[in-house]
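First up is the structure itself, then whatever we jot down about it.
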There are 2 protein chains.
Amino acid sequence: MSRTKEKILKQSLILFNDQGLDHVSLRSISNALNMSVGNLQYHFKKREDIIHELYFQLVSTIDIAIENSGNTQSKLEEFFETTAAIVNCFYEYRFIFQDFTSVMNQHEAIRTHYQELMKNRKLQFSAFIGSLIKRNLMRKELLPNEYDHLFVRFQILSDFWMSSSLIELEKVAQKEVSMYTEMIHQTIFPYLTETGKEAYLMIQKSI
Amino acid sequence: MSRTKEKILKQSLILFNDQGLDHVSLRSISNALNMSVGNLQYHFKKREDIIHELYFQLVSTIDIAIENSGNTQSKLEEFFETTAAIVNCFYEYRFIFQDFTSVMNQHEAIRTHYQELMKNRKLQFSAFIGSLIKRNLMRKELLPNEYDHLFVRFQILSDFWMSSSLIELEKVAQKEVSMYTEMIHQTIFPYLTETGKEAYLMIQKSI
DNA sequence: AATTATTTAGTACATTTGTACTAATTTATA
DNA sequence: TATAAATTAGTACAAATGTACTAAATAATT
């Protein structure tokens, strides 16, 4: 990728994150870079292409972060690390989650990719739950679809905590990131066995 | 309120729900009513006013629905009914929740009202949790801020389940409403005591 | 050095949409 | 009935924004 293209992406990310996707026009991006709109368009034929590119940057950032949080001592620790990693990546590319719905509505390619991604994540999640149960860290299902619904809950909370924070507090800063990370972590707690709960409390203390 | 004003609101709600807020212009509303835009503007000086009015219709619809679900046998039943009532009202005014963030960002008066509303809801929620605990239907907190976080979870799930459904399935119909209602109901289950769990299962059977 | 390809700038356009404004028409009132 | 108030229609405008297009400038290549 050309140096200019990288500069455009970097600046776009900053502006998008700061001002929100729909308050940033091509003109404001090119202004911030002392560059003509024509030039911008030479590198990205469509505005959509910039957003598209940034989305896929996020995806690979998450992939890397998840890999790095793989070498943990326990399965539960892995859950803590993975969750925190995802939340942090979301925050880095927060413009996407400040109005997740608009992004997904306006960018079909992104939406399609996301839908596929979620199918995979759901499989991974099920496998993960299974391994927690086998290790006697998590109890079995007591309700129909209980852990399917748990997955849905994780998904909604992950994708929309930032929107919620913005509406409620009209900002998202590091403090909020911590708060919502804890909230998401705690989501799994009441499903844990006594052993699991002890392990949870140990990990929590170590953070 | 004049007959015409009511007609405009009714038609706007239909179009907003069907096509989404930002795919409905004043022109399309007036077309659907065989009415001039000028006339529309006579009744609602700003487009915002229509949305404003519909939002407050929703608010009072919810108030009424909550009152009606007050006369239940048990506290847990009240939870089931109230939750379902809210979800259904949200569905009636789904245009607001199909892109909740945009609505809240673009309508300051609505956002301010919502913020206040949530402060009250949080107090009500805390009181409700307290009464469940006193009745030995719910266990005490085991984690710091556990039930504050539980409230946040309820809030995010309520406000954004529809957005999530739209992104994932590209539609929201009655089937999805049922599914997400169950998901939200189940959120409280793992915090219940044995007595509480039994009561939950009884109520669930009766639905 | 000459030619070709790449990059940059600048202008213009099309479109959408909320809304302001004026005039006509209908309804209410005295 | 005459006058005032209300409702309705129609036109025009302003502002924003993505993008198409052309020409100039710079870099690369032969």
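Here is the naming used below: chain letters follow the sequence lines, and residue numbers restart at 1 for every chain.
Rounding to whole angstrom units, NE2 of residue B:His43 and P of D:dA6 are separated by 12 Å. The CZ-P distance, from A:Arg3 to D:dA27, rounds to 16 Å in whole Å. B:Met35 places its CE atom 7 Å from the P atom of D:dA9, with the value rounded to the nearest Å. In this structure, CG of B:Asn34 is placed 16 Å from C1' of D:dG10, rounded to the nearest angstrom. Going from atom OH of A:Tyr42 over to atom C1' of D:dT26 covers 12 Å, rounded to whole Å. Rounded to a whole Å, the NZ atom of A:Lys7 is 8 Å from the P atom of C:dT8. Following rounding to the nearest Å, A:Leu26 (CG) and C:dT11 (P) show an atom-to-atom distance of 18 Å. Put simply, CZ on B:Phe44 is 16 Å from C1' on C:dG18, counting in whole angstrom units.
With a 4.5 Å cut-off on side-chain heavy atoms, B:Leu9 and B:Gln57 count as touching.
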Going through the distances and angles, do A:Thr187 and B:Arg153 end up as a side chain to side chain donor-acceptor pair (under 3.5 Å)?
CA-CA 8 Å; A:Thr187 305; B:Arg153 234 171 284 143; 3.2 Å; yes
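Between A:Glu146 and A:Arg139 there is a salt bridge, since at least one side-chain N of the basic residue sits less than 4.0 Å from a carboxylate O of the acidic one. Between B:Glu53 and B:Lys5, none of the side-chain N atoms (NZ, or NE/NH1/NH2) sits under 4.0 Å from a carboxylate O, so this pair counts as no salt bridge.
Residue B:Asn39 has its side chain nearest to D:dT8 when only D:dA20, C:dG18, D:dT8 are considered. Of the candidate nucleotides D:dA12, D:dA20, C:dA9, D:dA20 has the atom nearest to the side chain of A:Gln41. Of the listed nucleotides (C:dA9, D:dG18, C:dG18), C:dA9 has the atom at the smallest distance from the side chain of A:Ser36.
A:His185 pairs in a ring-ring contact (aromatic ring centres under 6.0 Å, His included) with only one of the listed residues (A:Tyr180, A:Tyr200, A:Phe80), which is A:Phe80.
If you check every strand for non-hydrogen atoms under 4.0 Å, B:Ser2 touches nothing.
The phosphate of C:dA20 has OP1 or OP2 within less than 4.0 Å of a side-chain N or O from B:Lys46.
Remark on DNA chain D: of its neighbouring residues A:Arg47 and B:Thr4, the 5'-side contact belongs to B:Thr4, judged by nearest-heavy-atom nucleotide.
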